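The structure appears right after this line, and notes come after that.
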There are 2 protein chains.
Amino acid sequence: MRRQGDGKSGYPESGENRRATLKDVALAVGVHVSTVSRALNPETRHLITPQIVGKIAEASKQLGYQPNTAAYSLRTNRTRTVGVVVPDITNSIFPPMIRGVEDALTPLGYSTLVVNTDGQPEREAAILDTLFARGIDGLVIASVERENGAIRTLASRGTAIITVNRRMDDPAIASVTNDEAEGVRHMLNHLVALGHRNIATIAGNQNLSTGQRRYEAFLRNAVDMGLDVGPLRVGFASTFNEADGERCMEELMARGGDFTAILCANDRLAIGAIMALKRRGMSCPANISVTGFNDMAMVDRIDPPLTTVRIQQYRVGYAAAELLLERMTKRSELHRPQHLVLPVELVVRGSTAPPAQNSGIIALNNSLKSGARRQKISAGKA
Amino acid sequence: MRRQGDGKSGYPESGENRRATLKDVALAVGVHVSTVSRALNPETRHLITPQIVGKIAEASKQLGYQPNTAAYSLRTNRTRTVGVVVPDITNSIFPPMIRGVEDALTPLGYSTLVVNTDGQPEREAAILDTLFARGIDGLVIASVERENGAIRTLASRGTAIITVNRRMDDPAIASVTNDEAEGVRHMLNHLVALGHRNIATIAGNQNLSTGQRRYEAFLRNAVDMGLDVGPLRVGFASTFNEADGERCMEELMARGGDFTAILCANDRLAIGAIMALKRRGMSCPANISVTGFNDMAMVDRIDPPLTTVRIQQYRVGYAAAELLLERMTKRSELHRPQHLVLPVELVVRGSTAPPAQNSGIIALNNSLKSGARRQKISAGKA
DNA sequence: GCTTTAAATGCAATCGATTGCGTGAAAGTC
DNA sequence: GACTTTCACGCAATCGATTGCATTTAAAGC
């Protein structure tokens with residue numbers, strides 16, 4: 001009455017292109033909407049005579065029927081939407097993960113809502129709120145810190161949650177991460193094999209599992225290998241970015257700790273470290289070898305190409321989505337602690353080299369002070 | 001009866017944590033749901049006595065009421081969701097745009113659904129379908145080709161659509177793009193100022209406005225400046241990526257066209273071109289200057305740092321979202337053709353230099369053939 | 001041939017919000 | 001003081017799909 005012209009045929013008017021509903025299909029076939037609903041749902045299709053199913057399928061295709069998501073959600077309380085929370089989509093390690101999640105979920109009719117926290121816990125809280133207002137079915141979180149009460153309560157209340165790349169200390173929160181320990185071990189092996197014995201590190205934020213685990217692995221393996229790691233050889237970054245890498249490198253150099261190589265907790269810190277070196281007139285790898293972690297896009301093209309640990313960014317996302325799917329569909333899976341750790345791979349490029357005789361921070365600081373700057377360095381280069 | 005225990009208080013049971021609904025708030029305050037609905041909506045709030053509005057506001061906060069998105073959408077046929085269609089989120093020029101869109105939209109209660117087409121038109125069609133099945137309010141498209149019937153019909157049927165970064169030939173489809181012509185003009189000026197007279201180009205896909213407009217601007221300005229651009233100096237890429245840049249550069253070199261600089265339609269093509277040069281034992285910028293377009297993340301850190309045209313990726317996205325908002329809210333805006341062109345900026349870095357006497361493809365090819373390879377090149381470098 | 005059982009389909013309530021219309025009370029008019 | 005107007009709120013339909021239950025029809029059993 002409100003819209004259907006005189007509605008003689010029961011078909012939607014040709015003039016207005018309203019989307020077809022179950023009702024339209026039902027009218028076209030001459031059955032009840034509930035029959036159409038069941039015929040169109042693979043789970044309940046067996047309840048309907050195959051012949052009618054055929055007619056319904058045809059009519060629905062004919063009319064271009066597409067189920068109304070809002071109505072479905074309202075009735076079933078499921079949205080077929082998952083939230084993906086990242087610190088910043090602009091940070092190029094996240095897009096491949098997001099892509100992995102999407103590629104795993106899209107074919108199954110799920111959509112993903114990507115949101116950015118900018119690493120601010122308050123923002124994160126607000127964002128989780130809006131995601132829940134939207135009524136998501138599950139959550140993939142790449143931005144999580146080692147401890148987060150909000151997420152723990154969400155999980156215990158029955159929300160399907162999985163963390164990617166990072167994990168929480170609480171083992172109850174499922175995760176898909178990379179083998180940080182192995183990555184660090186490979187890298188240290190590589191540096192030692194090149195001849196380095198004095199190795200420093202720029203550790204990441206210790207509130208993040210990546211930061212903490214990589215640092216811990218560094219300490220453990222360095223000791224195992226008989227390397228000497230004094231406090232003069234450790235810098236702590238608060239953020240995983242170039243600026244902080246630069247700052248840490250400056251500090252390490254200023255403190256005068258002697259080392260010929262530096263293992264950075266991720267690629268961006270490494271890039272910052274290299275910048276700091278360059279600004280001091282030093283060269284990587286001639287004077288100091290620098291290593292990264294993650295194998296971010298483009299680090300193979302920077303100067304020097306970065307030696308790093310390749311993590312499987314896309315697969316981490318993909319695997320997380322698969323695990324999340326199980327949790328969203330089978331209630332039994334919901335509270336099973338589950339932690340997938342994907343293997344990593346050492347990628348040796350140009351930022352590491354054997355230590356030169358006169359390389360290392362102390363040697364350099366001395367030579368720089370003595371004014372023989374340019375010469376020394378280009379000598380080291382040859 | 002189905003769930004509410006004996007429901008003596010009307011409040012949701014404390015044991016089960018069902019989300020509060022309008023009804024819950026209404027019961028708590030002792031008014032009708034429609035009153036609560038009006039009180040909570042700023043548009044209709046004036047219809048309700050301020051005192052009652054106060055009570056309702058308090059109760060709804062108390063109960064942690066959050067409107068059910070599905071119910072709202074079902075009733076109003078609006079989802080407060082916009083689709084963002086990009087070729088590939090993994091391509092680092094898109095995340096800043098997406099971020100711009102999100103930052104403009106999120107504060108207003110909109111969510112964004114990001115999808116990837118991988119540059120495949122069939123995939124794009126399927127993706128648009130699923131977006132529409134979701135019932136989005138508007139569409140931001142970064143993946144659009146110059147002609148696309150599906151999008152034109154969508155737009156004419158009243159969907160709010162805006163293209164970013166690229167635009168369609170049809171002026172009816174609103175867009176936010178960058179000033180391609182100015183960018184190319186600045187770049188040619190820069191090269192000419194350095195002393196280059198023989199300038200080649202690797203043009204982008206001519207089905208994309210970026211490819212077409214940049215190429216057109218190249219031709220027009222080159223002619224204006226009295227430069228000679230024969231067919232030997234033009235390569236066409238079909239895809240904006242490194243591999244195609246490499247291929248085009250190879251072809252240009254093989255064809256033997258003489259030039260000392262090459263203007264590439266975007267950064268990725270430029271990176272490919274530089275790789276091709278390196279593989280041939282040539283150097284950028286000593287032998288050939290190479291320029292890009294976009295100022296993608298990290299191109300300032302590659303070797304050599306890329307001279308390019310900076311587009312305002314984030315602002316393009318932000319502006320597009322703002323325009324889209326108008327179109328989604330005011331029906332009058334819906335069919336107004338609207339094209340915003342943002343200014344660009346030349347960024348001179350290390351990949352451009354004055355031409356050396358013996359630089360250029362022909363000179364190099366000759367010297368290479370004569371076997372004096374290493375020497376010539378390092379001479380050119382000094 | 002009549003009852004029992006199963007299979008296929010229809011009926012109607014429901015999810016939670018919005019909104020046109022109706023109603024009662026208070027305020028204003030003459 | 002009777003009437004109109006305005007204001008504040010309630011009523012109930014509605015959006016489009018799902019689903020427990022009722023009903024009809026057909027098949028099976030004896």
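Throughout, protein chains are lettered first and strands after them, A, B, ... in sequence-line order, and every chain is numbered starting at 1. Model, not experiment: these values are computed from the prediction.
- For CD of E122(B), the number of neighbouring non-hydrogen atoms (other residues, nucleotides, ligands) closer than 6.0 Å is greater than 12.
- The separation between N41(B) atom CG and dG16(C) atom C1' is 15 Å, rounded to whole Å.
- At whole-Å resolution of the value, CD in Q66(B) and P in dA17(C) are 11 Å apart.
- No hydrogens or angles were tested; on distance alone, nothing pairs the side chain of R19(B) with the base of dG16(C) as donor and acceptor under 3.5 Å.
- Y72(B) has its OH atom 16 Å from the C1' atom of dT14(D), to the nearest Å.
- A straight line from CZ of R45(B) to P of dC9(D) spans 14 Å, rounded to a whole angstrom.
- The residue S34(A) sits close to a base: some heavy atom pair falls under 4.0 Å.
- Whole-Å rounding puts the D24(B) CG to dG16(C) P distance at 8 Å.
- Residue T76(B) is in sugar-phosphate contact alone, with no base atom involved, counting any heavy-atom pair closer than 4.0 Å across all strands shown.
- For N68(B), the side-chain contact (heavy atoms from CB on, under 4.5 Å) partners are L74(A), A70(B), A71(B), not counting sequence neighbours.
- Side-chain contact check for Y318(B) versus M97(B): every heavy-atom pair is 4.5 Å or farther apart.
- Of all nucleotides listed (dC11(D), dA17(C), dG16(D)), dC11(D) comes nearest to the side chain of H32(B).
- Rounded to whole Å, the distance from CG on L22(B) to P on dC9(D) is 16 Å.
- Residues from residues 47-56 of chain A with heavy atoms under 4.0 angstrom of DNA chain C, sorted by number: L47(A), I48(A), T49(A), I52(A).
- V114(A) has its side chain out of reach of T112(B): every pair of non-hydrogen atoms, C-beta onward, lies at least 4.5 Å apart.
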R327(B) vs I161(B), side chain to side chain contact (heavy atoms under 4.5 Å, CB included): CA-CA, chis, key distance, verdict
CA-CA 8 Å; R327(B) 298 188 156 239; I161(B) 295 188; over 6 Å; no

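- Atom NZ in K23(A) sits about 15 Å away from atom P in dG10(C), given to the nearest Å.
- Note: CG (L74(A)) to P (dT14(D)) measures 17 Å, nearest angstrom.
- Just one of V176(A), V316(A), I162(A) meets the side chain to side chain contact (heavy atoms under 4.5 Å, CB included) condition when paired with L340(A); it is V176(A).
- Looking at R134(A) and T81(B), their side chains do bring a donor and an acceptor atom within 3.5 Å of each other.
- In this structure, V33(B) and A71(B) both approach DNA chain D, and ranking their closest nucleotides by distance from the 5' end singles out V33(B).
- Candidate nucleotides dA12(C), dC21(D), dA17(D) were compared by shortest atom distance to the side chain of R38(A), and dC21(D) ranks first.
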